[in-house]
Number of protein chains: 2
Amino acid sequence: MSPETPQVVIGLNAVILAVTDEEPRILTLPRRLPVVDQQQDEGGAAPPEAVDKGPSAGASSSRPVDALPFGPLDADRDRTLELALRGWVREQTGLEVGYVEQLYTFGDRHRDPRQRLGGPRVVSIGYLTLGRQETPATGVNAVWRPWYEYFPWEDWRRGRPLILAQRLAPALARWVEESEHSSRRAERRERVDIAFGLGGAPWDAERVLDRYELLYEAQLVGEAWRDMPAASPHPVEDRHFGRAMGFDHRRIVATAISRLRGKIKYRPVVFELLPPTFTLLQLQRVVEALAGTPLHKQNFRRLVEKGGLVEGTGEVSSGTGGRPAELFCFRRDVLRERPTPGVGLPALRTP
Amino acid sequence: MSPETPQVVIGLNAVILAVTDEEPRILTLPRRLPVVDQQQDEGGAAPPEAVDKGPSAGASSSRPVDALPFGPLDADRDRTLELALRGWVREQTGLEVGYVEQLYTFGDRHRDPRQRLGGPRVVSIGYLTLGRQETPATGVNAVWRPWYEYFPWEDWRRGRPLILAQRLAPALARWVEESEHSSRRAERRERVDIAFGLGGAPWDAERVLDRYELLYEAQLVGEAWRDMPAASPHPVEDRHFGRAMGFDHRRIVATAISRLRGKIKYRPVVFELLPPTFTLLQLQRVVEALAGTPLHKQNFRRLVEKGGLVEGTGEVSSGTGGRPAELFCFRRDVLRERPTPGVGLPALRTP
DNA sequence: AAGACTTATACTCAACATGAGCATAACTGA
DNA sequence: TCAGTTATGCTCATGTTGAGTATAAGTCTT
């Protein structure tokens with residue numbers, strides 16, 4: 001490795017989320033990335049563009065994959081990580097993000113194909129941003145894509161997804177059975193049951209990352225094959241679940257969903273995704289879209305209204321298709337009143 | 001800056017937590033660190049030991065400060081971040097950590113005095129580890145120190161801490177008033193009220209990090225003065241709250257407390273801090289120590305027993321000082337039964 | 001213009017969870 | 001034996017949650 005190669009590069013990755021037409025969508029950039037070839041596995045110089053610069057079309061071939069907006073931290077220029085992230089997003093998409101939250105930092109060497117091409121060690125910090133769906137700058141090749149395309153088993157709004165019982169559960173069962181020792185099988189089975197709500201265990205909507213990690217380990221997602229040093233030719237597509245992404249970006253999106261599904265319960269973050277005023281059904285649809293579960297309409301209304309999360313504006317919306325609905329807005333005072341203002345949960349009192 | 005200086009260094013920091021005598025304690029290493037001098041602010045070569053190596057006594061003077069075990073990521077050797085952390089902890093303390101959880105990644109340039117001495121950019125990843133209090137290897141200068149020494153306003157077990165009303169609230173009020181514009185004052189006041197439960201707002205035990213960040217901004221913690229490029233001589237100690245730490249380590253500990261106080265509510269992590277069998281009062285005392293609030297004994301028992309979190313072993317403990325108590329152990333099956341098994345919270349059903 | 005359909009909103013009721021307290025049991029030490 | 005200490009069982013009022021009924025007020029179709 002050449003001496004002037006930096007040892008470590010910090011990659012900043014943004015899951016830019018908006019909800020439109022009752023679908024949570026993330027902003028993705030289709031990118032052509034170098035394919036790891038079995039022959040030249042340890043040799044060959046790295047195409048530096050893929051690592052150092054953002055999406056400036058690298059010289060590599062192969063079909064494009066979805067990637068998140070991302071770029072490295074400039075140690076000399078960027079004063080904070082968040083400012084660096086905002087800069088990259090602006091540069092690559094033309095969008096100005098509002099609410100930003102750090103998710104997690106990933107640094108496994110073996111889960112990034114770039115590491116095998118002689119590039120520097122990449123440590124990626126994932127961020128989640130919330131906002132409304134805006135059109136990227138002209139000339140930017142960005143796509144707002146529903147996040148359930150990457151995680152079809154996570155959408156329970158119209159009942160338990162068919163893919164679960166029909167395809168995922170059998171594939172996972174095979175993975176459990178392919179273990180040699182029975183203790184190992186029992187351990188795998190328990191992990192599968194808890195993560196996917198099988199074998200009598202309940203479905204926990206927040207375990208999105210657990211489920212993705214398990215699928216990766218069981219080699220049921222495309223990324224797992226891509227990352228294997230001596231991968232056999234890609235197996236039948238039928239055994240890959242959900243749409244794959246470049247780098248470790250799907251893992252970062254899984255982290256984002258997990259985090260957000262947890263957070264809406266105790267912090268009023270949903271409102272970042274809504275216009276200043278909205279009907280209660282609009283609000284409900286957004287929460288349902290994020291949580292991936294249907295909600296009882298009347299109870300939801302009681303929750304947010306009696307809970308002091310929203311207040312009526314007096315205005316009414318006409319385009320409901322039925323009786324006009326009152327327009328509500330977020331009630332900021334709730335932050336002073338309750339410790340955990342979110343969609344569900346009790347309060348605490350001062351004794 | 002010399003060309004072979006790495007641009008970015010990843011610092012891995014461990015908050016090693018155990019609870020003994022009803023006090024949560026973290027393992028700290030007293031270290032002598034270079035003092036930032038006003039004269040040589042931008043010049044001077046960095047003492048590389050303070051950054052590159054762990055606590056190998058640097059050549060610098062000044063009195064020692066508390067620091068967490070930490071060390072840089074070795075991009076070539078360490079396969080994962082967590083393995084690197086375990087290695088550093090082992091090397092510096094002789095301890096083998098069990099449960100490990102990543103907290104947050106900090107990268108603000110201006111909040112690390114090392115950055116002003118010409119060293120590389122440090123990005124610190126904080127980790128939390130849970131276990132029992134073990135004695136560090138002989139020869140290691142490590143101290144288990146109660147975390148409430150760093151955050152005395154966080155311990156509400158014996159009622160509202162006196163320091164809050166007597167010293168913190170007035171100091172914060174001064175900070176609010178010292179703003180020029182009234183809109184700025186109103187904004188500061190709202191932040192103070194929400195973070196510290198003043199002005200009628202409730203106390204939210206989880207906002208530990210918010211409170212520390214606010215104190216830092218209001219220059220009411222020692223670290224704020226240390227980090228100022230042109231700091232006036234340190235003001236009277238009377239205006240600093242809690243025991244200070246080196247680097248940004250107190251911020252990392254604040255993150256740890258916030259995270260843990262949230263997590264015990266929905267994941268059975270408390271048991272990592274307890275022996276395999278314990279009495280219910282022992283369990284309660286540990287939860288109280290972490291949450292910083294007293295709990296109703298009978299209700300707590302009902303919660304963990306009916307909630308299926310623990311099961312009786314039939315054995316009894318004699319050293320209670322009163323009637324002997326039954327010994328309980330963690331009931332692993334609860335993971336299969338409830339989505340969020342912790343100290344408090346409802347369940348979800350499968351329809 | 002009537003009737004079907006859609007969405008909004010109010011209200012009820014049972015099941016369950018939570019906060020607070022009373023009562024009794026079983027040990028220790030003076 | 002009595003006071004002090006902790007353990008454990010039980011009650012009761014209140015709050016929260018899940019599910020459903022009923023009615024209001026629009027749009028669209030014929």
Side-chain angles (χ1 to χ4, degrees), chain A residues 22 156 202 205 265-266 277-288 291 293-328 337-351, chain B residues 22 156 202 205 265-266 277-288 291 293-328 337-351:
Chain A
E22 312 189 355
W156 287 55
K265 291 182 187 151
Y266 61 93
T277 75
F278 44 83
T279 69
L280 292 187
L281 189 58
Q282 276 171 18
L283 174 60
Q284 182 183 342
R285 293 298 183 219
V286 172
V287 173
E288 287 174 332
T293 42
L295 296 171
H296 186 282
K297 186 171 178 171
Q298 296 91 320
N299 291 347
F300 181 79
R301 156 182 285 268
R302 176 176 64 188
L303 191 72
V304 297
E305 227 180 349
K306 303 256 159 117
L309 268 176
V310 298
E311 59 189 345
T313 62
E315 319 253 311
V316 283
S317 152
S318 42
T320 54
R323 168 173 169 178
E326 183 170 8
L327 285 169
F328 288 77
E337 297 163 4
R338 287 169 45 194
T340 56
V343 194
L345 284 197
L348 195 82
R349 71 195 55 190
T350 35
Chain B
E22 310 187 358
W156 287 55
K265 291 182 188 151
Y266 61 93
T277 76
F278 44 82
T279 70
L280 292 187
L281 189 58
Q282 276 171 19
L283 174 60
Q284 182 183 342
R285 293 298 183 220
V286 172
V287 173
E288 287 174 332
T293 42
L295 296 172
H296 186 284
K297 187 170 178 171
Q298 295 93 320
N299 290 348
F300 181 79
R301 156 183 287 269
R302 177 177 62 188
L303 190 73
V304 298
E305 227 180 347
K306 302 256 160 116
L309 268 176
V310 298
E311 58 190 344
T313 62
E315 319 252 311
V316 284
S317 152
S318 42
T320 54
R323 169 173 168 178
E326 183 170 7
L327 285 168
F328 288 77
E337 296 162 5
R338 288 169 45 194
T340 56
V343 194
L345 284 199
L348 194 82
R349 71 195 55 190
T350 36

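Any value given below was found using the heavy atoms of this structure, including those in side chains, with hydrogens, waters and symmetry copies removed. Just so it is clear: chains get the letters A, B, ... in the order the sequence lines come, proteins before strands, and each one is counted from 1.
The listed nucleotides are D:dG20, C:dA8, D:dA7; the one nearest the side chain of B:T279 is D:dA7. The side chain of A:L281 lies closest to C:dA8, out of C:dA8, D:dA19, C:dG19.
By the salt bridge (charged side-chain N to carboxylate O under 4.0 Å, His left out) test, A:E305 pairs with A:R301, sequence neighbours left out. For the salt bridge (charged side-chain N to carboxylate O under 4.0 Å, His left out) test, residues two or more places apart in sequence or in another chain that qualify with B:E22 are B:R285. By the ring-ring contact (aromatic ring centres under 6.0 Å, His included) test, A:F278 is found to be paired with A:F271, residues two or more places apart in sequence or in another chain being considered.
A heavy-atom distance below 4.5 Å is found between the side chains of B:L327 and B:T279. At least one side-chain heavy atom of A:F300 sits less than 4.5 Å from a side-chain heavy atom of A:V287.
A donor-acceptor pair under 3.5 Å is absent between the side-chain atoms of A:R338 and the main chain of A:L309, judged by distance alone.
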Please enumerate all protein N or O atoms sitting under 3.5 Å from an N or O of nucleotides 23-29 of chain C, with distances to 0.1 Å.
{"from": "C:dA25", "atom 1": "N3", "to": "B:R323", "atom 2": "NH1", "distance (Å)": "3.1"}
{"from": "C:dA26", "atom 1": "O4'", "to": "B:R323", "atom 2": "NE", "distance (Å)": "3.4"}

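The bend of the helix from C:dA1-D:dT30 to C:dA30-D:dT1, defined by the angle between the axes of its first five and last five pairs, stands at 0° to the nearest 10°.
The distance between atom CG of B:L295 and atom P of C:dA20, rounded to the nearest whole Å, is 11 Å. For A:E22 and C:dT7, the CD to C1' distance is 13 Å, given to the nearest whole Å. Residue A:L327 contributes atom CG, which lies 15 Å from atom C1' of C:dT9 at whole-angstrom precision. Between the CZ atom of A:R301 and the C1' atom of D:dA19 there is a distance of 17 Å, rounded to whole Å. Taking atom CD on B:E326 and atom C1' on D:dG9, their separation rounds to 14 Å, with Å as the unit. For the pair A:L283 CG and C:dT9 C1', the computed distance is 16 Å after rounding to whole Å. Distance, B:K306 NZ to C:dT18 C1': 13 Å, rounded to whole Å. Note: CG (A:L303) to C1' (D:dT17) measures 9 Å, nearest angstrom.
Map A:F328 and B:H296 each onto its nearest nucleotide of DNA chain C; the residue landing nearer the 5' end is A:F328.
Shortest non-hydrogen contact noted between B:W156 and B:P294 is O-CD, 3.5 Å. Across all non-hydrogen atoms, the minimal contact from A:Q284 to A:H296 is NE2-C, 4.3 Å.
OP1 or OP2 of C:dA8 lies within a sub-4.0 Å distance of a side-chain N or O belonging to A:K297.
Judged as a salt bridge (charged side-chain N to carboxylate O under 4.0 Å, His left out), not a single pair has a partner in residues 307-328 of chain A (not counting sequence neighbours).
Between the side chain of A:R302 and the base of D:dG18, at least one donor-acceptor pair of N or O atoms lies under 3.5 Å.
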